[in-house]
Every structure is written in structure tokens, then in C-alpha cells.
Protein chains: 2
Amino acid sequence: MAITVVGSVAYDSIETPAGRRERCLGGAATYFSLAASFFTDVRVIAVVGEDFGPAEQAVFDARQIDTRGIEHTAGKSFFWAGSYMESLNEAKTEITDLNVFATFNPQIPDAYRDSDFLFLANIDPVLQRRVREQMPDVKLVAGDTMNYWINDHRPALLQMLKGLDILLINDTETRVLGGNTNMVLAANAVMALGPDTLVVKHGEYGATLFNGGNSNTFKVPALPLDEVVDPTGAGDSFAGGFFGYLASQPELTPGAFRRAMFYGSVMGSFAVQCFGTERLQELTRERIDARFNEFVALTHLD
Amino acid sequence: MAITVVGSVAYDSIETPAGRRERCLGGAATYFSLAASFFTDVRVIAVVGEDFGPAEQAVFDARQIDTRGIEHTAGKSFFWAGSYMESLNEAKTEITDLNVFATFNPQIPDAYRDSDFLFLANIDPVLQRRVREQMPDVKLVAGDTMNYWINDHRPALLQMLKGLDILLINDTETRVLGGNTNMVLAANAVMALGPDTLVVKHGEYGATLFNGGNSNTFKVPALPLDEVVDPTGAGDSFAGGFFGYLASQPELTPGAFRRAMFYGSVMGSFAVQCFGTERLQELTRERIDARFNEFVALTHLD
């Protein structure tokens with residue numbers, strides 16, 4: 001079933017111990033879409049400026065991603081510059097230019113309205129909620145957020161959370177939003193705010209699926225890699241693999257959620273192996289499934 | 001097959017957000033022995049002072065642990081005081097009184113010499129090596145160390161590592177000893193120093209088994225717990241479960257190593273649920289196996 005995703009399509013300048021790239025195609029909606037496109041149909045809602053050209057469009061087209069919801073407007077696209085020179089676990093943001101994103105008002109094309117799955121990537125929770133309310137009939141809604149919204153826009157965030165079935169955030173965000181240093185208690189507090197299911201991303205330590213009580217908790221590791229080229233977009237790629245796989249399933253069984261966690265970690269592991277979206281662009285479903293099997297070998301007794 | 005373990009038997013005063021305990025029985029050899037005793041015969045080499053009385057002896061006796069190698073000497077037992085008030089992930093050491101441990105010269109009882117498995121808990125690598133050399137015929141040798149020995153006693157540590165089959169250390173220790181921030185490269189560098197197998201303990205994120213190349217890498221999570229009462233001894237309990245299970249197996253197959261990783265994490269998860277060794281003392285093999293199955297449910301797709 002089709003996923004509609006709303007979020008950023010951007011340019012990123014990235015410095016890591018492996019090198020530097022200027023203005024590569026990035027943004028949460030880009031990583032999410034590419035990752036999810038290996039599992040199901042994906043439709044993007046975003047805004048870009050005049051710098052978004054045929055080369056960038058071709059990246060989406062090559063994966064048959066529906067971009068009719070990408071609004072082209074005067075000005076420049078969202079731009080982010082960051083460095084991982086101090087730690088691969090956390091980006092040091094050097095520049096954030098919202099540009100055309102500053103006045104973004106998401107419009108949902110009619111052709112997107114029959115989407116059964118909706119992903120609200122990390123943007124202003126007011127916008128996330130606006131999109132959610134315009135798509136009341138979706139079957140499953142997942143979303144992401146970040147500490148900035150948790151700390152400084154909490155009332156809007158709490159409203160938005162009520163419309164989510166699944167929230168995907170990292171360890172620190174979970175502890176801050178849940179108001180507890182213990183991960184289980186923090187996760188329970190977060191789920192009490194709206195989402196039935198919480199996926200906590202632990203970076204190099206993988207991710208945990210919480211959905212009401214330990215009996216349903218599930219863990220997936222990250223793949224041990226001897227080189228992490230660029231961590232940018234790992235979390236969005238995880239979300240794309242996770243939600244894309246769920247959208248491809250006839251039924252949302254506990255087993256489907258478990259496999260979705262594996263596919264999330266698989267897509268995150270690919271994303272970090274090259275700069276920007278390079279690795280995601282060249283993937284095939286066969287390679288993805290081969291790596292899925294590596295994860296099984298990494299975790300299963302037999 | 002029997003395990004001989006050399007290490008500390010001590011008293012610990014511990015403060016955590018859950019409360020405070022004065023002078024509870026502790027020490028790496030104590031946690032290790034108790035955890036391993038649920039899987040195989042355990043024989044301890046250590047030194048204690050006059051403060052080690054019948055109550056402490058009874059803890060070992062209740063688990064049929066052979067304590068003929070515990071030397072009783074004039075003076076006080078090793079004493080450690082620490083606090084986890086700032087973080088449950090790292091103890092803040094307040095007092096370390098070596099006491100009788102300062103002049104410890106491990107003696108191996110004749111009755112221990114047919115042990116097939118040897119565990120060198122975290123003590124001076126000179127002593128670890130001395131014990132190792134006195135037991136040349138053991139089948140498998142595992143050991144632990146810490147940053148103090150890695151940083152300030154490296155030559156002695158490097159000598160000791162040559163005599164190990166398995167090293168169990170934490171993330172930071174692996175990165176420092178391996179001289180690399182990338183975990184895979186650090187692990188490979190550590191294994192090049194002697195041990196064929198490396199178990200890296202990640203605290204609340206579980207542990208990774210490395211033994212030569214990604215194809216043999218294996219991950220086990222930690223159990224998500226809604227209360228961690230006292231993290232003291234979690235790593236030693238992990239080692240006891242891991243090595244105790246291995247010693248109980250007719251053959252050291254890859255599958256045996258995988259299950260041993262699970263039993264390690266199982267024993268670590270029990271250890272932190274009460275102060276000191278309280279939880280380990282009251283366990284049964286049935287409870288241990290029930291929790292093993294919880295770990296399977298937490299990690300396996302089907």
C-alpha cells in the first residue's frame with residue numbers, strides 16, 4: 001500500500017573523517033522515500049527552490065517515487081551543513097538555512113489521498129498535524145521529531161503525538177520526552193502521550209520496538225561496520241525501511257513489526273556506507289534481502 | 001567441566017538511586033562464581049581478611065562453590081565504595097582499599113589443577129599471567145581487565161593477553177586497547193594481541209561477540225528493565241554466565257558460543273535487579289532458562 005511522506009528535501013554539506021561533500025541531495029523525506037521505495041509506492045510532499053534541478057529529480061524518478069507533491073517555489077532549497085569530525089554519533093550543525101522551508105505550507109495532491117500509510121518526518125509539529133488532519137482515513141501514521149520541538153514547542157508536539165500510531169525517535173529524545181532516565185519507564189511515558197508503538201533508535205547499538213509491556217518489546221542491533229562514511233540520514237533510512245516494509249505487508253502482525261525492525265536497521269546500515277544518498281540510490285531488493293539475512297545470522301541462535 | 005577463577009572477593013559499599021548498602025559481599029570472583037555455578041563446578045582462588053566470616057562463606061557453600069583456594073590472612077578484605085547517583089552506566093569510585101589484596105600471591109590448590117577452564121578476573125595482569133602459567137593444560141582461558149591496566153600497565157597486560165583465548169571487556173576498554181574509535185577495527189586490533197575471541201560488553205546495550213571477521217560476529221541485547229537497582233557486578237555476572245555455560249558444553253561449537261552470549265546477558269540482567277549478589281543467590285536454573293527464553297523472544301523473528 002502507498003505511503004505519503006511529508007518532510008524536507010534539502011541540500012547537505014557534510015564533513016566526516018572519510019571526507020567532505022558539498023551540497024549533496026539530502027533531507028529526511030529524501031532518505032525516507034528512497035529507503036521505503038524498495039518495499040512499496042512512495043509519494044512525497046515537500047518544498048524545493050530553484051536550485052532543485054533535473055539531476056535531483058532523476059534520483060526520485062529512478063526509484064519511481066511520486067513527486068507531484070513537491071512544490072517548486074522561488075528561492076533556495078533548505079540547506080544544512082554539518083560535521084562529524086568530533087564524533088560519528090552526533091552531527092555538529094554548522095549552518096541551517098530554512099530558505100523556502102520557512103514558509104512551507106504542505107498541500108496534499110488529490111492523487112495522494114488514497115494513501116493508507118502516512119509518515120510525518122521531522123518538521124514543525126504544527127505542519128505535521130496539519131497534514132495528519134487532512135488525511136483522516138489513513139490506516140497507519142508514523143512520525144519523527146527532535147529535541148528542538150520537544151523542548152521548545154512542546155504544546156504543539158503533544159497535539160501532534162495524539163495523531164500518531166508509531167513514533168520513531170532516539171534515546172535522548174525518548175528520555176527527554178518521557179521525563180525519565182530509565183528507558184523502559186521513559187518509553188511507557190511517551191506511549192501514554194499518543195503513539196501505541198515507539199521505536200527508539202540507539203545509533204550504533206540498533207533500535208528497540210516498544211508496544212505496550214515487555215512481552216512485546218523487540219530489539220534489533222546495528223550492523224558492525226568497519227567504516228561509517230557518513231551517518232547523515234541513518235535514522236530517516238531506518239524509518240523508510242521500517243515503515244516501507246510494514247506498508248508492503250497484507251497484515252500488521254507482531255511478526256511483520258519484527259521484520260520491519262530488521263529492514264529498518266538494514267536500510268540504516270546501507271545509508272551510512274556512502275556520502276548522502278549514494279548507497280541508497282544503487283541498491284537492489286536482492287542486496288537488501290542478503291543483508292537482512294546477515295542480521296538474522298548476527299542475532300539468531302540457529 | 002570445572003572452572004577455576006582467580007579474582008577479588010571483597011566488601012562493597014554501594015549507593016544508587018534505589019538506596020544504599022554497606023559492606024555487602026562483592027568482588028569480581030564472587031559475582032563470576034555465583035553466576036557460573038548454575039552451569040558447572042566452580043573453584044575460586046582469592047584472598048580474604050579476618051572480616052570474612054561464616055555468613056560470607058555460606059554464600060559460596062550454598063552454591064557448592066569450591067573455596068579451598070581462598071586464602072585467609074591477617075588484616076581486612078579488599079574494600080570498595082562507589083556511587084551510581086550520577087549515572088547508572090558508570091560507578092564513581094569513592095574508596096578503594098586493597099587491604100590483604102595488596103600482597104596477594106595466588107596459590108593454586110592441587111585439587112584445582114585438573115580444571116579445564118580458567119577465568120582470570122580483573123586483577124593485576126602480572127598475577128593473571130602467573131596463574132595462567134601455573135595451569136598450562138587448561139582447555140580454554142578467558143579474562144577481563146580494565147582501563148587502569150590498559151593505560152598504566154600495558155607491557156604486563158600485553159604479555160597476559162597472549163595467554164588468553166577469550167577477552168571480555170567493555171566498549172571504552174576495547175577502543176583504548178585497540179587504538180581505534182571504530183568498534184570493528186578496534187576489536188580486530190585487540191584480537192591481534194592474543195585472544196581469538198573478544199566479547200565487548202555494552203552495558204544497557206548488551207554485548208557483541210567477535211571472533212575473526214563479521215561472519216562470526218554475534219550480538220545479544222540487554223534486557224530492558226524498568227528498574228536497575230545496582231549495576232555492580234553486571235559484567236562479572238555476564239562473564240560467569242557466558243563462561244559457565246561454555247564449560248558445561250560437550251563441544252565449543254559456534255552455537256555454544258551464541259547461547260553462551262545469551263546466558264551471559266541473562267545473568268547480567270539478574271545481577272542488577274538487587275543490591276550486591278542478592279539476586280544471584282536466590283536464583284534457580286529454571287528461572288534462568290525462563291529468562292533465556294525472554295531473550296529469544298526479544299531478538300528472534302519467529
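Per chain, numbering begins at 1; letters A, B, ... match sequence-line order. What's counted below: heavy atoms across the whole structure, side chains too, no hydrogens, waters or symmetry copies.
Enclosure of atom CD in A/E90 is not indicated, since only 12 or fewer non-hydrogen atoms of other residues, nucleotides or ligands lie within 6.0 angstrom. Within 6.0 Å of NZ on A/K139 lie more than 12 heavy atoms contributed by other residues, nucleotides or ligands.
Using a 4.5 Å cut-off between heavy atoms, A/F257 does not touch chain B at all. At a 4.5 Å heavy-atom cutoff, the contact between B/A222 and chain A is made by backbone atoms alone. For B/D171, the part lying near chain A is the side chain, with the backbone staying farther off; criterion is any non-hydrogen pair under 4.5 Å.
With respect to the salt-bridge test (charged N to carboxylate O, under 4.0 angstrom), the residues A/E227 and A/R279 do not qualify.
When the options A/F270, A/F39, A/F242 are evaluated for a ring-ring contact (aromatic ring centres under 6.0 Å, His included) with A/Y263, the one that passes is A/F39.
When B/N182, B/D302, B/N180 are compared by the number of non-hydrogen pairs under 4.5 Å with chain A, B/N182 comes out ahead.
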